[in-house]
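Let me begin by presenting the structure, written as structure tokens, before commenting on it.
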Amino acid sequence: MSVSIILAQKGNDVVTVTSQSTLADAVEVLAARKIGAVVVVDKGETVCGILSERDIVRRIAEAGTEALQGTVSNCMTSNVVSCDTSETIDGLMEKMTAGRFRHLPVIEGGKLVGLISIGDVVKRKIEQAERDADEMKRYIAG
Ligand code: AMP
């Protein structure tokens with residue numbers, strides 16, 4: 001299964017913040033949308049980073065809750081690994097495992113067109129395993 005099929009099911013909505021947003025604003029967005037990461041987008045809709053709950057926890061551990069008044073730019077990961085719509089679930093799993101992260105922005109023609117989380121990947125893998133098991137049962141039953 002490819003990224004384009006996952007996006008056709010889940011939609012193209014991506015929650016974003018700007019690099020000059022405060023961490024407190026980003027925390028509110030993460031809590032309100034019940035998500036674990038936001039993509040950081042500046043002028044021209046260019047992806048310039050990703051900010052995950054883990055980054056915020058680390059920052060607070062280092063600098064205390066005052067860090068929440070600082071900007072996203074000081075806390076985000078700038079070197080973003082992305083995928084495109086033609087990539088497969090197995091390819092995404094490899095990227096997530098190698099990079100030790102749970103979110104992959106989808107970029108097509110330089111534009112942000114979606115976000116795949118590890119939850120999306122696991123859901124499709126379970127569905128695939130269930131389909132394979134059903135097929136096997138039908139085959140055995142003749
Ligand atoms: P996560 O497991 O996605 O919550 O993120 C763990 C760490 O990886 C955090 O420091 C994130 O900023 C970073 N991270 C998350 N997604 C990506 C990505 N697609 N590319 C690069 N770094 C990422």
Side-chain angles (χ1 to χ4, degrees), residues 1-140:
M1 183 183 282
S2 69
V3 169
S4 56
I5 295 173
I6 301 177
L7 289 186
Q9 293 168 354
K10 74 169 278 193
N12 298 88
D13 187 33
V14 186
V15 182
T16 61
V17 296
T18 70
S19 64
Q20 292 313 303
S21 308
T22 64
L23 282 184
D25 288 340
V27 164
E28 268 184 35
V29 171
L30 292 173
R33 303 294 295 260
K34 298 185 170 67
I35 53 176
V38 281
V39 178
V40 187
V41 172
D42 277 340
K43 281 185 217 113
E45 292 181 23
T46 315
V47 172
C48 61
I50 188 160
L51 179 78
S52 128
E53 55 202 355
R54 290 195 183 176
D55 299 315
I56 299 168
V57 167
R58 194 181 316 119
R59 191 86 190 96
I60 291 172
E62 283 165 4
T65 52
E66 274 174 31
L68 291 172
Q69 301 319 311
T71 59
V72 165
S73 60
N74 291 325
C75 189
M76 68 187 193
T77 300
S78 307
N79 198 5
V80 180
V81 178
S82 62
C83 63
D84 63 51
T85 54
S86 68
E87 290 184 48
T88 63
I89 287 196
D90 288 343
L92 302 190
M93 283 174 68
E94 276 172 32
K95 280 187 174 176
M96 287 183 181
T97 305
R100 297 176 181 226
F101 47 66
R102 299 166 292 178
H103 301 88
L104 271 170
V106 187
I107 312 256
E108 200 67 51
K111 281 200 163 179
L112 178 63
V113 295
L115 183 107
I116 307 288
S117 73
I118 199 163
D120 298 319
V121 171
V122 169
K123 182 172 184 277
R124 270 69 186 189
K125 282 305 262 190
I126 290 171
E127 287 169 358
Q128 180 68 58
E130 285 171 352
R131 273 197 302 274
D132 291 350
D134 284 348
E135 216 169 275
M136 186 65 77
K137 277 184 209 153
R138 275 198 300 275
Y139 175 76
I140 291 167

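Both ligands and their constituent atoms are indexed starting at 1 by order of listing.
Within the listing of ligand 1, atoms 20 (N), 21 (C) sit less than 4.0 angstrom from a heavy atom of Val80. Applying the 4.0 Å criterion to heavy atoms of Ile50 picks out, from ligand 1, the atoms 12 (O), 14 (N), 15 (C), 16 (N), 17 (C), 22 (N), 23 (C). Applying the 4.0 Å criterion to heavy atoms of His103 picks out, from ligand 1, the atoms 1 (P), 3 (O), 4 (O), 16 (N), 17 (C), 18 (C), 19 (N). Residue Asn79 has at least one heavy-atom neighbour below 4.0 Å for each of these atoms of ligand 1: 21 (C). Listed by number with element, the atoms of ligand 1 under 4.0 angstrom from any heavy atom of Arg58 are 10 (O). Ligand-side atoms of ligand 1 in range of Val81: 18 (C), 19 (N), 20 (N), 21 (C), range being under 4.0 angstrom from any heavy atom.
The N/O atoms of Leu104, backbone and side chain alike, include none that comes under 3.5 Å of an N/O atom in ligand 1. Considering backbone and side-chain N/O atoms, Asp55 comes within less than 3.5 Å of an N/O atom of ligand 1. By the 3.5 Å distance cut-off applied to N or O atoms, Arg100 is not counted among the residues near ligand 1.
The protein heavy-atom contact nearest to atom 5 (O) of ligand 1 is Ser52 OG, 3.5 Å. What sits closest to atom 8 (O) of ligand 1 on the protein, heavy atoms only, is Phe101 CB, 3.5 Å. At the top of the distance list for atom 22 (N) of ligand 1, counting protein heavy atoms only, stands Thr77 CG2, 3.6 Å.
Salt-bridge annotation for Arg131 and Glu135: absent, with no side-chain N of the basic residue lying under 4.0 Å from a carboxylate O of the acidic one. Between Arg58 and Asp55 there is a salt bridge, since at least one side-chain N of the basic residue sits less than 4.0 Å from a carboxylate O of the acidic one.
For Pro105, every heavy-atom contact with ligand 1 shorter than 4.0 Å involves the side chain, none the backbone.
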Audit row: Ile50, Val38, side-chain contact (heavy atoms from CB on, under 4.5 Å) steps and yes/no: CA-CA 6 Å; Ile50 188 160; Val38 281; over 6 Å; no
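Thr97 contributes no side-chain N or O that, together with a main-chain N or O of Glu94, makes up a donor-acceptor pair within less than 3.5 Å. Distance alone, capped at 3.5 Å, is enough to place a donor-acceptor pair between the Glu108 side chain and the Thr85 backbone. A side-chain donor-acceptor contact under 3.5 Å links Glu87 to the backbone of Asp84.
Residues Val27 and Thr22 fail the side-chain proximity criterion, which asks for heavy atoms closer than 4.5 Å. Taking 4.5 Å as the limit, every side-chain heavy atom of Asp120 sits out of range of all side-chain heavy atoms of Leu92.
A salt bridge (Lys or Arg N to Asp or Glu O under 4.0 Å) with Asp90 holds for exactly one of Lys95, Lys125, Arg124; it is Lys125.
Of the options Lys95, Met76, Arg102, the smallest heavy-atom separation from atom 2 (O) of ligand 1 is shown by Arg102.
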